[in-house]
Amino acid sequence: MTEAVIRNKPGMASVKDMPVLQDGPPPGGFAPVRYARRIPNKGPSSVAIFLAAFGTFSWGMYQVGKGNKIRRALKEEKYAARRAILPVLQAEEDERYVKEWKKYLDYEAEVMKDVPNWKVGESVYNSGKWMPPATGELRPEVW
């Protein structure tokens, strides 16, 4: 399509003959352009966020404290039960020790029967103190 057909002006010889057609603003003008940075004020304030975080932290620390008290009470109960049965366990161990010591003395007497001046059960150390046996001593599975 030609310019003459579009503008309804037949027989134009030059572009200069064309009427000036310029775009303009609509009647009443354009709407104002918003160029300022306007951030919407949505959500809680910083004070509210801080108070919520502080409250959550405080509640959590309170729960930790409660848990510590419960754990401490359970631990004390366990230790009290251990202290209560300790004499019974010690008596059982003493009884086992005496039986094993008698077996050991019998074994020592049998092994050392040919050694002159050997006294069964006498300590080979000269400290004069009785020392309880180290762990693993007087155990039948060790011999």
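A single hydrophobic cluster is not seen to contain both Trp59 and Phe54; linkage of ILVMFWY side chains at heavy-atom distances under 4.5 Å, directly or through other members, places them apart. Hydrophobic cluster membership is shared by Val115 and Val120, with clusters built from Ile, Leu, Val, Met, Phe, Trp and Tyr side chains linked at under 4.5 angstrom.
Rounded to the nearest 0.5 Å, atoms NZ (Lys75) and CD1 (Ile70) are 15.0 Å apart. Atoms CG and NZ, from Asn117 and Lys119 in turn, are 8.0 Å apart once rounded to the nearest 0.5 Å. We find the CG-NZ distance between Leu74 and Lys69 to be 14.5 Å, quoted to the nearest 0.5 Å. Taken from CG in Leu51 to OG in Ser45, the straight-line distance is 8.0 Å, to the nearest 0.5 Å.
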Would Lys113 and Trp118 count as a side-chain contact (heavy atoms from CB on, under 4.5 Å) here? Give the steps. CA-CA 8 Å; Lys113 64 184 172 189; Trp118 183 262; over 6 Å; no
Kindly indicate, with the supporting measurements, whether the criterion side-chain contact (heavy atoms from CB on, under 4.5 Å) is fulfilled by Tyr107 and Lys103. CA-CA 6 Å; Tyr107 176 73; Lys103 285 183 192 176; over 6 Å; no
Would Gln90 and Asp94 satisfy side-chain contact (heavy atoms from CB on, under 4.5 Å), going step by step from the backbone distance to the final call? CA-CA 6 Å; Gln90 186 65 51; Asp94 291 346; 3.0 Å; yes
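The minimum heavy-atom distance linking Leu105 with Gly121 is given by the pair CD2-CA, 3.3 Å. Here the closest non-hydrogen pair linking Pro44 and Ala48 is CB-CB, 4.0 Å.
Considering only heavy atoms from C-beta on, Glu93 stays 4.5 Å or farther from Leu89 through its side chain.
Tyr104 and Trp101 have their aromatic ring centers within a separation under 6.0 angstrom.
Between Glu76 and Arg71 there is no salt bridge, since none of the side-chain N atoms of the basic residue sits less than 4.0 Å from a carboxylate O of the acidic one.
When the shell of 6.0 Å around CD of Glu77 is examined, it contains 12 or fewer heavy atoms from other residues, nucleotides or ligands.
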